[in-house]
Amino acid sequence: MTGLIHDSVDSLAALIPDGAKIAVPADYTGVAMELTRAMIRRGVRDLYMVCLPVTGLQGDMLIGAGAVKTNETSAVTLGEFGGAPRFQAGIGDGSLTIKDATCPAIHAGIQAAQKGIPYMPLRGMIGSDVLANRDDWKVAQNPFSEEEDPIVLLPAIKPDFALIHAKKADRHGNVFIGIRREVMALAGASRQTLVTVEEIVDGNLLRDDTTATGTLPALYVGGVAEARQGAWPLAFWEEYPTDEAHMASYVAAARSPEGFQSYVDQYVTGGARAAAAE
Amino acid sequence: MTGLIHDSVDSLAALIPDGAKIAVPADYTGVAMELTRAMIRRGVRDLYMVCLPVTGLQGDMLIGAGAVKTNETSAVTLGEFGGAPRFQAGIGDGSLTIKDATCPAIHAGIQAAQKGIPYMPLRGMIGSDVLANRDDWKVAQNPFSEEEDPIVLLPAIKPDFALIHAKKADRHGNVFIGIRREVMALAGASRQTLVTVEEIVDGNLLRDDTTATGTLPALYVGGVAEARQGAWPLAFWEEYPTDEAHMASYVAAARSPEGFQSYVDQYVTGGARAAAAE
Amino acid sequence: MTDFPSPDEIRTEELLITIIARLVEGCRLVSCGASSPIPGGGCLLARQQSGGAMQVNVLGSRLNNLMTNGGVELFDWAAQGRLDAFFLGGGQIDGQANINLVGVGDYPQAKIRWPGSFGSAYLYFLVPRVILFREEHTRRVFVDKVDFISTPGTSDPEVYRTGGPYALVSPLCQMGFDKVRKKFHLVSVHPGHTVEEVLDNTGFAIDVPDHVPETVLPDRATLNIIRQQISLEIAETYPRFAAKVFPEAVNAA
Amino acid sequence: MTDFPSPDEIRTEELLITIIARLVEGCRLVSCGASSPIPGGGCLLARQQSGGAMQVNVLGSRLNNLMTNGGVELFDWAAQGRLDAFFLGGGQIDGQANINLVGVGDYPQAKIRWPGSFGSAYLYFLVPRVILFREEHTRRVFVDKVDFISTPGTSDPEVYRTGGPYALVSPLCQMGFDKVRKKFHLVSVHPGHTVEEVLDNTGFAIDVPDHVPETVLPDRATLNIIRQQISLEIAETYPRFAAKVFPEAVNAA
């Protein structure tokens, strides 16, 4: 495999056209925050953002920057730092179309795409307003039951791009994801996976017995760029913790559109990110 | 977790009652051959044997010993050693009920059980005699298509026991399966997983970062017993190769019921196994 | 004879951990969700008391993580029937045990928007003992009717449902839920609180028996386990919670 | 000018590897199945010639394994549209490209029982270039009508099908398949063999053009790559095949 390694995260962000369907993971999986900033710099618009199964700062910033038209998610939250202010504002003024889901339903839609099947049945949800507000979901009789047995059918979710941050990749484009197995489903479901990594390493991760089990093969990968501290200010695996002071300052700034814009000016389009991440 | 570690493979085999639905993996996953011999020693009967997705010597021996009533599989073969003689004989005299499948259909049935859903749709199969002979499979319209779009629906496969051989387990019952990820699906689908291992080790495999990714947590496990060379005469991972001379002698013996019985007398109920495995 | 400390020796968090441990007793596998230090502590206490028979998955923990198949594995456990207990909160919980994690006002343009339903619309159906837990017991939380049903408390008989509300635990009381009558009932009131206080702060009707017992406190042995052992186990995942509630243990460690 | 060796310098296996490499040219991802040294060799040769653009998964190989998600991953690739080529054999293959991997005689109590259908009933529907490959070209294998359809050569238009028969390769010839006419046609006959020999040994009717070309041999550069490099790559998974077909390379290594 050649040509998967990009020189910059901005070059990776340039692969994502306006209107793309992107999939992003929960914070524990590894969030490509540097790529998120590059997407905002490039001014991407009209994204359909699927969260597997929830999002936080990444989603809030993309929403705040006006990059997201529709958000399919089970939750948007900054966790102990509180509600996601730009998400809440987007809901409140109707500028964001929300498709509320429940975590396993998004997993099932992604797994359906991974398996190349048009839909997957799933238990639960019947009688909830989550289901009542999803006209793209169906309820049907379980064909293997002789009793009345309704079950929800969830259409496959097929993102154009999955966006993740991981620990390392080799020059072939194989990516070490360790125990974050949801990346396999996300990558299988998506047309291609764009990856930032803490480090690009020599060798072949698939040929090393200690890494192969936790490696996403390059055949799923559309591009890789090195981004040290690339999940900042979020925590990344066991590698580094959340930058709590920065998160608090984000929440304070993002309460207003103007505050959010000045945060972007400072940390996304301006030069303050590198300094803050040190 | 306490009490998952058994002193002997025969004690593990005693957990499997007559009539149980067992699931066994393909040779590359790790086949519990010592446990298979213990099951034949105990004289287990009327098993429903599901193969994920195929079997070889293990299935042929269980069939030859009269332990299997029904076999759901995509193939039974001894690979380069030829056809599986007791399987062929069981088919020929009608004593074995065969449910022919195709590999991904068994994977899908097992994954449906892993996800706790009653069935999973899957592409392919339409127009095949595999499908035509499976009255437990259904074909239905894809409810998400406005065109005519038939798709096969496969019921969940819920084994009572999955039987595997693995490299090591800790005393808590966590089992190292490495890159053999199909074990996760098999274990999730099955009521419990019975495991033989080359070695029982100290410590906790889930807490060691280098092993956690490839570890089946004890919560799926019904029992573990140490069985060094427990896949013999089959190859096991990169650990040891097929005992080719022994396989050839099995194939020669198993051509007739008498030859099979004398093989069993020698290597299963007799004491020759230990010597041969050296 | 069991040695009980006096109520004023016991922190509310310690009492809640004790109650939760009782509620998950006998389970084989329990898990708590994100941002759940008290449920996590209750599960870890129950595991300690089970003598190893119970397995506990703490989301976000490295030492008490039992998931090696990605974020979906918790949900698969539930559908497989392996997960015996889980915890749900809610911006609103109503008298029929419906839960709202989405918002207040008309959907989707809610006046107040919360994060979203997470796994509630699934786990509530499939986990036999779902314990409703909130640290705020007010009429704002416990409402007559939720504005949005993230997940319903009960289902019609044709709906596949092996799980549902098992108990409600708050800083004031413990309630049970009758699935046939679709109604909560008061099980016990915590020391220092009264039935009237519960009723005043609950926006839905509940059944109150003639005699409402006081919640049994942890005995001294249990309290010692919480303070000396469970505190540190919680601290791995929730350092700030542990430092606040168990400063002695955290500082000594 | 390209340097071609004479036919008698080339082993049948080397010719077949060359043909297969041509048939998978331009693919992004190809895989061969179990017990497939010649398809495996063809894929590895094609990868070498692609300059790194093609990825090859060899089942059973450690060095050329691209699967890290269990045995199901190959099938998931196919359904995802990532897998461009695969290989199928068959105890019987008929003139409509139906494949029988199950047995001869009435089902299920077959007179002759083969192992079973493996993944054929799925991959044949979803892999654009399925190459039918048998080392035996006889009327026993290439029959008018199979006794059991493990997987059908064609499907009705309403059936979701992105894949199917792309070519048939045997030691005698290469055929193509017309999905509309549901019929094989002769593409080329290997040096040393004739159209008559093909027809005599084929139990189904095939279209034969007026002029049937001779199969183009590998040029000397390609042959050197096969003998010096591909031979050793195959040997990792198929040592006995490699030792038999490429004794010089294997002994030298």
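Proteins get letters first, then strands, A, B, ... in listed order; numbering begins at 1 in each. Heavy-atom basis, side chains included; hydrogens, waters and symmetry copies ignored.
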Shortest non-hydrogen separation from B:Ile126 to D:Pro152 and the atoms involved:
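What the structure gives for the nearest pair is O-CG, 3.7 Å.
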Minimum heavy-atom separation for D:Trp114 to B:Phe87, with atom names?
O-CE2, 4.0 Å
At a 4.5 Å cut-off on heavy atoms, which part of [X] comes close to chain D: side chain, backbone, both, or neither?
{"X": "B:Ala101", "value": "backbone"}
{"X": "B:Leu122", "value": "side chain"}
{"X": "B:Glu244", "value": "side chain"}
{"X": "B:Glu148", "value": "both"}
{"X": "B:Asn142", "value": "neither"}
{"X": "B:Val130", "value": "both"}

Can you tell me how far the [atom1] atom of [X] sits from the [atom2] atom of [Y], to the nearest 0.5 Å?
{"X": "D:Leu123", "Y": "B:Cys103", "atom1": "CG", "atom2": "SG", "answer": "8.0 Å"}
{"X": "D:Phe148", "Y": "B:Ser128", "atom1": "CZ", "atom2": "OG", "answer": "7.0 Å"}
{"X": "D:Asp147", "Y": "B:Asp129", "atom1": "CG", "atom2": "CG", "answer": "10.0 Å"}
{"X": "B:Met125", "Y": "D:Tyr122", "atom1": "CE", "atom2": "OH", "answer": "7.5 Å"}
{"X": "D:Arg113", "Y": "B:Ile98", "atom1": "CZ", "atom2": "CD1", "answer": "5.0 Å"}
{"X": "D:Arg62", "Y": "B:Trp237", "atom1": "CZ", "atom2": "CH2", "answer": "12.0 Å"}

So do [Y] and [X] actually touch side chain to side chain, heavy atoms under 4.5 Å?
{"X": "B:Gln111", "Y": "D:Val72", "value": "yes"}
{"X": "D:Val102", "Y": "B:Asp100", "value": "yes"}
{"X": "B:Ile151", "Y": "D:Tyr160", "value": "no"}
{"X": "B:Asn133", "Y": "D:Tyr107", "value": "yes"}
{"X": "B:Pro150", "Y": "D:Glu158", "value": "yes"}

Per-residue contact mode, D:Thr151 against chain B (heavy atom under 4.5 angstrom):
backbone
By a 4.5 Å heavy-atom criterion (distance strictly below it), what part of D:Asn98 contacts chain B: side chain, backbone, both, or neither?
neither
Select, from D:Ser120, D:Gly60, D:Ser150, D:Ser155, the one with the greatest count of heavy-atom pairs under 4.5 Å involving chain B.
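If we count pairs closer than 4.5 Å to chain B, D:Ser150 comes out on top.
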Taking every heavy-atom pair that is under 4.5 Å apart, which of D:Gly116, D:Pro115, D:Pro108 has the most such pairs with chain B?
D:Pro115
Counting neighbours of [atom1] on [X] that are heavy atoms of other residues, nucleotides or ligands and sit closer than 6.0 Å, is the number greater than 12?
{"X": "B:Lys69", "atom1": "NZ", "answer": "no"}
{"X": "B:Glu147", "atom1": "CD", "answer": "no"}
{"X": "D:Asp106", "atom1": "CG", "answer": "no"}
{"X": "D:Lys179", "atom1": "NZ", "answer": "yes"}
{"X": "B:Lys158", "atom1": "NZ", "answer": "no"}
{"X": "D:Arg140", "atom1": "CZ", "answer": "no"}
{"X": "B:Lys167", "atom1": "NZ", "answer": "no"}

Between B:Arg180, B:His107, B:Gln88, B:Glu80, which shows the greatest number of heavy-atom pairs under 4.5 Å with chain D?
B:His107
Where do D:Phe118 and B:Thr102 land on the side chain to side chain contact (heavy atoms under 4.5 Å, CB included) test, with the steps shown first?
CA-CA 5 Å; D:Phe118 291 95; B:Thr102 183; over 6 Å; no
Checking D:Ser117 side chain against B:Ser74 main chain: does a donor-acceptor pair fall under 3.5 Å?
no
